[in-house]
Amino acid sequence: MTETRPTAPLAKVYDPHDVEPRWYAHWERSGYFHAEFNPARTPYTIVIPPPNVTGVLHMGHVLNNTLQDTLIRYKRMTGFEACWIPGMDHAGIATQAVVERSLAKEGKTRHDLGRERFVERVWEWKRKYGGVIVQQLRTLGASCDWEREKFTMDDTLSAAVREVFVRLYEEGLIYRGKYIVNWCPKDHTAISDDEVTYADHQGKLYYIRYPFVGEEGKSLTVATTRPETMLGDTAVAVNPKDDRYKHLVGKRVHLPLTGREIPIVADEVVDPEFGTGLVKVTPAHDPNDYWIGQRHKLPQITIFDVSAALNENTPEKYSGLDRFEARKRILVDLQAAGLLEKTVDHAHSVGHCYRCDTVIEPYLSDQWFVRMKPLAEPALEAVRSGTIRFYPERWVKVYEHWLESIRDWCISRQLWWGHRIPVWYCVGDDHCTIDCRKPIVSRTPPERCPHCGSANLRQDEDVLDTWFSSWLWPFSVHDWPAQEQTGRAKDLSYFYPTDTLVTAPDIIFFWVARMIMAGLKFGPGFTGSVDMAKNVPFRDVYFTSLVRDEKGRKMSKSLGNSPEPLELIEEYGADAVRFTMLYLAPLGQDVMYSKEKNELGRNFANKIWNAGRFLLLNRDQVGEAPRRGEYNTEHCDLADRWILSRLQSTLAQVNEAFAAYEASKVAKTVYDFLWHDYCDWYVEMVKSRLYGDEPADVKRAVMSRALDVFDAALRLLHPLMPFVSEELWQAIRQRASDETIMRARIPEADGSLLDRAVEDQMGFVQEVIEAVRNIRGEMAIPPSRDITVAMTAGPAHPPEVLRRYEGYMQRLARVSSLSFLEGTARPHPAATAVVHGEELFVPLEGIVDLAVERARLEKEINRVTGILSGIRAKLTNESFLRKAPEDVIAREREKESAFATSLAKLSHNLRQLSGGS
RNA sequence: GGACGCUUAGCUCAGUUGGUUGAGAGCGCUUGCCUUACAAGCAAGAGGUCAGAGGUUCGAAUCCUCUAGCGUCCACCA
């Protein structure tokens, strides 16, 4: 694997450009992403939310897939058989639209090609251009098991769709009927209730007079936002309890512009408060009116065609007009006839197609539906019982609310691209019976009508909603229901249920809820088992954040406010983009994203890179002691024991954060450990031993331990930043040719290496160093200027102990000599500080103006005085002493005495400075 | 109309069950440093009445109520 080894001495600045593609290709070629049935290991499975085959990577994908990859890599490195199953969705409307657009450039429509050739054309398009996103995911570093890649229109997945359709039909859970559905006049198809998005619209309410039949000059007035639909009115309705109007029930009115007469009916749904309390009823074009029409057996007059232009059921002068144009004309005509009483502003919300944003038209048509109530109940139970958990939990309420008030799912689409509905109709011949009018629902195309034997059959023209295949995804990817025939039965039982679903909350209804329903209905052992835990499609659902721009707007193509992910990766590197995303994405909160934030990740990658450089350069100088275990523990001193202890608590915290899906906390924890603990403190301390006059074998032990800890930290980092971690992991030590960090183990947290006393002692050393740095910084003493420090060494910090860290304090605080004070003599004049009761003196003679030191001390005294008075207020508060727990009081007393001591010393030093000679 | 979320330093956010938090980090800002891993860096510093009001408590950024602003979802009366 020579091509995967770093070539030259590591460059000063990390350049991901050749590193990332090189490792990805190597991993994929070596089969490291692949997972297999393996009873010796616990499986951990994620199915990708299949992106649209037309899709290109956007920031939402970056977030979503980085999270999934991070989880998968983490699990893979902690002993699981981790399997991430990728794939794509055929995306009915979206894909059909793309191909229709390309046809349009040739001046053709799909109808010119006919159904069969058009569908072939879509497949061609898919082979040629589809799946761009799958390559883009590779750039991001996604460790998907590509051998298992699926497409929702694959043969096996299509068979699953037919199986489910037939079984639901046979159980009476699928039915066909003529109902009002949401019609998209642009896409020429029905869409489900959930595919409609409502937007507020500043519209008008039009008051229109309908003259009474037989009462010249008298009329009633209805109010409507959609005057054009009046052409389809077949009644006017009033509330039966409305005293103003109930006497009108049974009378008739002239429907203006049409010459028709329509009745006045009474119906409870009419709100007397709204408008005039009189409602025009258009059963074919309004969901409420539809039901009023059903109750009163009113005729349904369809007045629009599939494009929402007025049809031949309307007066000739309006026929063929678009609905909005018709509205204008009708208003003009009503005005002219004196029938438009008034027009008032009216804000209301208008439904739009979630795909193309066209205003939805309620439309009466024959469609297929799934009865949802029976499916919803177990799905509710699965979440309520905690068999499936949501992160963050608040989505449970949203989920419950939707399922409790669920409506039937319109699954038929008037498209050509998709799973064609497995239903045939007998077109018949002379022998047709009454049964021949029943649809023939079948897994495979029937040859003859079972009733009359006719071979003259016609398949239903419609295809199924795209989500009708997506909801089967967690088990259809394993060839269900044909898993036995394809040899995937073991995979199905091993990898199903999946463990974690990572998805955006906006598809909780479309996809998440329906997958749960499908899993519980058809779930394995697929033997009618009622064991919910085995049937649910996943156990945890992680709802990702929404990615917004710096102004808080949702990132979208139409706003053009989204950075192009591949450009980001080109500029910053995939590791940087991934890390930044994880760092910014708190569980359940939206992400305010901007391109520049990637500097965080880029800088971090570079920091790690340079830590690696430091190790390599020094390893070449001093060599490395032989390794005996995970960590070399020979010749440990304070810094060594401290970094080992810090590593352990970091490992534990990362495990905890992963378990709670707190990706952002994982990122912060790893970042802080590597940057602040490892680089800022530990490496600096290692230097003082490496560059000092320690014996060679001690240096080698120090070196080897520094490498051990870095090695472990790289493994911990790998799920977040796979590329730079592999590159360095390979570089810092000889690895076998088949070794990869992606299949190495993250060390288990080892409590025996945790050492509270060591961390406390190190804390003291660090504070001493910081105190000297503070003096240097505030007094603007340049680093080139030597300073000396004298400090007291009281019983808590005896000189013989402090001497062991002398080198560290000298090096890190840039002190040329450090001495310990005995007796009562104190350097004077000097800058001073108090750390844990010990006093530090930096002799100032000739270095700086004493006034600066005086100001510095006064500031510190003020601060301590403030704290102290707060503590004393508590300790003199009787109710505090009476009611607070013992340990809290004891702690306050300790603080009081420590701060009092500090204050006394600070004040004394200030007096020395001011008054002393 | 119903539900939910957010409001902490100029910006983006941490702050686990109320008390070792004496409110932190990154970016930005000021100052000093190209100190033999790293200027994509190092060190120091300034900057906050924790949205507002009330309450519970010995003690509230943290718990409760209300208010305001921002955001999201659901429902919807034509």
Side-chain angles (χ1 to χ4, degrees), chain A residues 10 12-14 198 205 222-226 229 237 269-276 278-282 286-289 292 348-349 392 394-395 397-398 401-402 405 505-506 508-509 546 548 550 552 554 572 576 583-584 586 588-594 596-597 599-600 602-618 656 660 662 664-665 668 671-672 676 679-680 683-684 687 691 770 773-784 811-814 863-864 866-868 870-871 874 877-885 887-889 891-892 894-895 899:
Chain A
L10 294 173
K12 205 166 172 180
V13 173
Y14 175 57
Y198 289 87
L205 194 57
V222 297
T224 181
T225 55
R226 303 201 50 199
T229 63
V269 304
V270 178
D271 176 4
E273 303 294 314
F274 188 87
T276 59
L278 294 158
V279 182
K280 58 188 276 311
V281 181
T282 321
D286 182 277
N288 284 308
D289 294 4
I292 298 178
H348 59 126
S349 62
R394 66 185 149 87
W395 290 104
K397 261 194 149 169
V398 177
H401 181 255
W402 185 73
S405 52
D506 55 354
I508 185 169
F509 308 135
L546 210 62
R548 301 175 170 281
E550 63 275 25
K554 190 172 168 176
Y572 297 97
Y583 192 92
L584 291 177
Q589 231 40 62
D590 289 348
V591 182
M592 300 290 178
Y593 197 84
S594 63
E596 296 71 32
K597 289 187 171 167
E599 287 173 17
L600 171 85
R602 183 198 60 184
N603 293 354
F604 184 45
N606 190 237
K607 184 73 180 176
I608 297 158
W609 177 256
N610 275 290
R613 258 188 102 216
F614 165 82
L615 292 172
L616 278 182
L617 295 173
N618 285 282
E656 214 174 290
E662 292 178 304
S664 157
K665 194 183 265 181
K668 283 182 173 68
Y671 180 96
D672 286 342
H676 296 124
C679 292
D680 287 353
V683 165
E684 292 306 316
K687 281 179 186 171
Y691 303 159
E770 280 164 352
R773 282 174 176 173
N774 173 269
I775 290 170
R776 231 189 220 290
E778 291 234 359
M779 313 200 103
I781 303 170
S784 50
R811 180 177 185 88
L812 274 71
R814 300 190 160 276
R863 191 181 71 93
V864 174
I867 295 165
L868 201 53
I871 296 170
K874 272 190 191 176
N877 180 338
E878 245 184 79
S879 9
F880 174 76
L881 294 173
R882 207 170 48 242
K883 295 185 179 172
D887 59 322
V888 171
I889 296 173
R891 210 155 52 219
E892 291 298 322
E894 278 170 35
K895 272 156 66 176
F899 279 114

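Predicted model only: the values in this text are computed from it and were never measured. Worth knowing before you read on, the calculation uses all heavy atoms, side chains too, and leaves out hydrogens, waters and symmetry mates. Convention: sequence-line order gives letters A, B, ...; per-chain numbering from 1.
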Could you work out the separation of [N] and [M] based on their [atom1] atoms and round it to a whole Å?
| N | M | atom1 | answer |
| --- | --- | --- | --- |
| B:rA46 | B:rG28 | C1' | 13 Å |
| B:rG45 | B:rU62 | C1' | 30 Å |
| B:rC4 | B:rC64 | P | 12 Å |
| B:rA61 | B:rU20 | P | 11 Å |
| B:rU67 | B:rC77 | C1' | 30 Å |
| B:rG48 | B:rA43 | P | 24 Å |
| B:rG69 | B:rA75 | P | 26 Å |
| B:rA14 | B:rC27 | C1' | 15 Å |

Base, sugar-phosphate or nothing for [X]? Non-hydrogen atoms, less than 4.0 Å.
| X | result |
| --- | --- |
| A:D887 | nothing |
| A:L600 | sugar-phosphate |
| A:E778 | sugar-phosphate |
| A:R548 | sugar-phosphate |
| A:R602 | base |
| A:N877 | sugar-phosphate |
| A:Y593 | nothing |
| A:D286 | nothing |
| A:R776 | nothing |
| A:K874 | nothing |
| A:R773 | sugar-phosphate |
| A:S594 | nothing |
| A:A223 | base |
| A:F899 | base |

Evaluate the side-chain proximity of [Y] to [X]: yes if any heavy-atom separation is below 4.5 Å, no if none is.
| X | Y | answer |
| --- | --- | --- |
| A:E656 | A:K665 | no |
| A:W402 | A:I508 | no |
| A:V13 | A:W609 | no |

Mate of [N] where both pairing distances stay under 3.5 Å, Watson-Crick or G-U:
| N | answer |
| --- | --- |
| B:rC50 | none |
| B:rC63 | B:rG55 |
| B:rA23 | none |
| B:rA43 | B:rU31 |
| B:rC70 | B:rG5 |

To the nearest 0.5 Å, atom CG of A:D286 lies from atom OG1 of A:T224 at 8.5 Å
With rounding to the nearest 0.5 angstrom, report the OH to NZ distance, A:Y572 to A:K597.
12.5 Å
Which residue lies toward the 5' end of RNA chain B, A:Y14 or A:Y583, if each is placed at its nearest nucleotide?
A:Y583
Nearest-nucleotide wise, let me know which of A:T224 and A:K397 is further upstream toward the 5' end of RNA chain B.
A:K397
So that I can tick it off, tell me whether A:E892 and A:K895 are bridged by a salt bridge, with the cut-off set at under 4.0 angstrom between side-chain N and carboxylate O.
yes
Charged N-O contact under 4.0 Å between A:E770 and A:R773
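Salt bridge: no.
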Along RNA chain B, first and last positions that approach a heavy atom of chain A under 4.0 Å:
B:rA3 to B:rA78
A quick test of your reading: do over 12 heavy atoms of other residues, nucleotides or ligands sit less than 6.0 Å from NE2 of A:H676?
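Yes, because the 6.0 Å sphere around NE2 of A:H676 holds more than 12 heavy atoms from other groups.
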Would you sort out whether A:T229 and A:K280 count as a side chain to side chain contact (heavy atoms under 4.5 Å, CB included), showing the intermediate values?
CA-CA 9 Å; A:T229 63; A:K280 58 188 276 311; 2.6 Å; yes
